[in-house]
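Fair warning: this is a prediction, and the values are worked out from it, not measured in the lab. Reminder, nothing fancy here: chain letters follow the sequence lines and each chain counts from 1.
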Amino acid sequence: MFPSQFEYLAPTTLEEALSLLAEHAEDAKVLAGGQSLIPLMKLRFAAPAMIIDINGVPGLSHLQEDRRGRGYLRVGALVRNAALERSELLKSRYPTMAAAAPLISDPLVRNQGTLVGSLVHADPQGDWGSVLLALEGEVVAKSTSGERRIPATSFFDGPFTTVLRSDELAVEARVPAPGPRSFGTYLKLERKVGDFATVGVAVSVSTERGVVTRAGIGLTGVGPANIKAVDAEQALVGHRLTGKAIQQAAHLAAAASEPRSDVRGSADYKREVVRVYVARGLHQAFDAKAA
Amino acid sequence: MHRSITVTVNGQSRTAEVEPRMLLVYFLREVLDLRGVHVGCDTTSCGVCAVLLDGVPVKSCTMFAVQADGRSLTTVEGLASNGQKHAVQEGFKEEHGLQCGFCTPAMMLVASALLEENANPSESEIRWAISGNLCRCTGYQNIVKAVQHAAATLNPQPASGRTT
Ligand code: FES
Ligand code: FES
């Protein structure tokens with residue numbers, strides 16, 4: 001399969017990349033890992049007239065924590081999923097992300113694909129979107145006219161659609177540190193390694209003296225976009241994480257899902273998996289922390 | 001429309017004019033005539049097109065040849081050196097790690113990259129590493145044994161981390 005013809009540009013500075021984007025906004029697509037874009041181009045679902053390959057742009061490969069304030073993680077646009085999978089920083093401080101990274105597609109795709117690219121691609125079955133929603137992360141977008149930080153909660157605009165402007169480049173994702181008394185995980189049901197999620201569930205909970213102060217629950221593959229299960233989150237805040245509280249949150253999350261029947265399962269089945277996975281995720285993460 | 005690219009392929013510098021839309025897999029197969037790089041699904045699912053890009057396994061059907069400009073690639077044709085089979089090739093031969101052989105070039109490249117990084121992988125680490133590569137014949141059992149065989153050849157110390 002061959003994509004349609006396109007003009008290929010490989011800028012070597014961020015300024016150059018941004019001015020190319022400003023100039024060709026409507027015709028251009030940005031290439032980072034390419035693990036979603038290239039398959040779409042091969043199927044001719046996408047046929048951009050111009051490809052702006054940012055792989056040669058310096059300053060986009062950082063994976064580090066900024067410890068100011070509560071602290072936050074910075075993931076540059078060229079950080080591959082394989083790097084996230086191996087990161088000790090994620091394992092020690094960002095458990096939801098550490099759990100999700102090895103479940104992204106397959107090892108070969110993880111060697112190329114990026115977290116930021118996955119967010120921008122905005123596939124409702126993308127795992128990182130749910131994680132960012134659960135953790136209340138944000139996307140840093142740059143253009144020739146400046147920079148803006150877009151909260152994950154307003155970033156996704158529907159299937160394969162975000163609020164990113166066509167002249168903007170997503171340069172970084174930021175994720176606030178969950179803090180010391182927090183736990184989290186990511187659970188994914190897939191038919192085989194590399195398949196899209198039948199259902200994916202991201203959970204992240206912070207506590208203070210045993211009481212939940214912040215809860216994040218993100219759902220993958222069960223709606224027209226990644227879903228933040230707000231009612232379920234709010235039901236947990238202010239309560240101890242008892243079996244009853246967990247069951248209630250799991251029910252509310254299942255109610256917030258909007259799955260469709262397809263080859264991976266019926267809508268009812270997927271809704272039930274959401275309920276089971278939210279409960280399991282909260283239990284597992286809590287037990288792991290208590291252990 | 002064409003662009004000149006220079007890629008080091010199996011240790012040799014190769015320069016060619018390519019259309020930007022040419023996928024790396026067709027560049028390797030049709031321009032450089034390296035037919036050990038296979039095309040299976042052509043949709044980023046099977047891993048049979050895997051090659052090493054600066055030592056890291058990637059799907060060559062999901063990358064443009066122009067992206068490899070200035071980089072170094074290894075295909076199965078580059079695994080042996082000086083007429084000497086790579087330990088992974090020896091392992092696949094000894095342990096009957098293939099039947100039809102269609103998945104084998106990619107499997108061996110992925111295995112060689114794993115052993116570069118982890119000289120003594122456990123069975124689950126081997127299975128994890130090849131989890132992006134489909135094999136329709138072997139049931140993977142002998143592929144795992146082949147990689148273990150190669151690990152033992154490359155690293156003949158007692159295998160402490162082994163879980164088989
Ligand atoms: S041919 Fe490339 S993944 Fe199947
Ligand atoms: S040996 Fe036939 S596909 Fe693996």
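Around OH of B:Y140, the count of heavy atoms belonging to other residues, nucleotides or ligands within 6.0 Å exceeds 12. Remark: B:R136 CZ is loosely packed, at most 12 non-hydrogen atoms of other residues, nucleotides or ligands lying under 6.0 Å away. Within 6.0 Å of NZ on A:K188 lie more than 12 heavy atoms contributed by other residues, nucleotides or ligands. More than 12 heavy atoms of other residues, nucleotides or ligands shown are found within 6.0 angstrom of CZ on A:R191. For CD of B:E116, the number of neighbouring non-hydrogen atoms (other residues, nucleotides, ligands) closer than 6.0 Å is 12 at most.
Using a 4.5 Å cut-off between heavy atoms, B:A113 makes no contact with chain A at all. Looking at A:S4, only its backbone comes within 4.5 Å of chain B, counting heavy atoms on both sides. Only the side chain of B:V110 comes within contact range of chain A, judged by heavy atoms closer than 4.5 Å. Only the side chain of B:L134 comes within less than 4.5 Å of a heavy atom of chain A; its backbone N, CA, C and O stay farther away.
Among A:Q112, A:E7, A:Q5, the residue with the largest count of heavy-atom pairs under 4.5 Å with chain B is A:Q5. Ranking B:V56, B:L23, B:T43 against chain A, the residue ahead of the rest is B:L23, based on heavy-atom pairs under 4.5 Å. Of all the listed residues (B:Q67, B:E19, B:M63), the one sharing the greatest number of non-hydrogen pairs under 4.5 Å with chain A is B:Q67.
Atom CD1 of residue B:I5 and atom OH of residue A:Y8 lie 9.5 Å apart, to the nearest 0.5 angstrom.
A 4.5 Å side-chain heavy-atom check between A:D106 and B:K59 finds at least one atom pair inside the cut-off. With contacts defined as side-chain heavy-atom distances shorter than 4.5 Å, the pair A:P107/B:S131 qualifies. Considering only heavy atoms from C-beta on, B:V58 stays 4.5 Å or farther from A:L108 through its side chain.
Residue pairs satisfying the ring-ring contact (aromatic ring centres under 6.0 Å, His included) criterion with at least one member in residues 59-86 of chain B, sequence neighbours excluded, are listed as follows: A:F6-B:F64. Note on residues 33-52 of chain A: pairs passing salt bridge (charged side-chain N to carboxylate O under 4.0 Å, His left out), not counting sequence neighbours, are A:K42-B:D42.
Within residues 46-64 of chain A, the residues having any heavy atom less than 4.5 Å from a heavy atom of chain B are, in residue-number order, A:D53, A:N55. For residues 30-40 of chain A, the interface with chain B (any heavy-atom pair closer than 4.5 Å) comprises A:L31, A:A32, A:G34, A:Q35, A:I38, A:P39, sorted by residue number.
Between A:R86 and B:E117 there is a salt bridge, since at least one side-chain N of the basic residue sits less than 4.0 Å from a carboxylate O of the acidic one.
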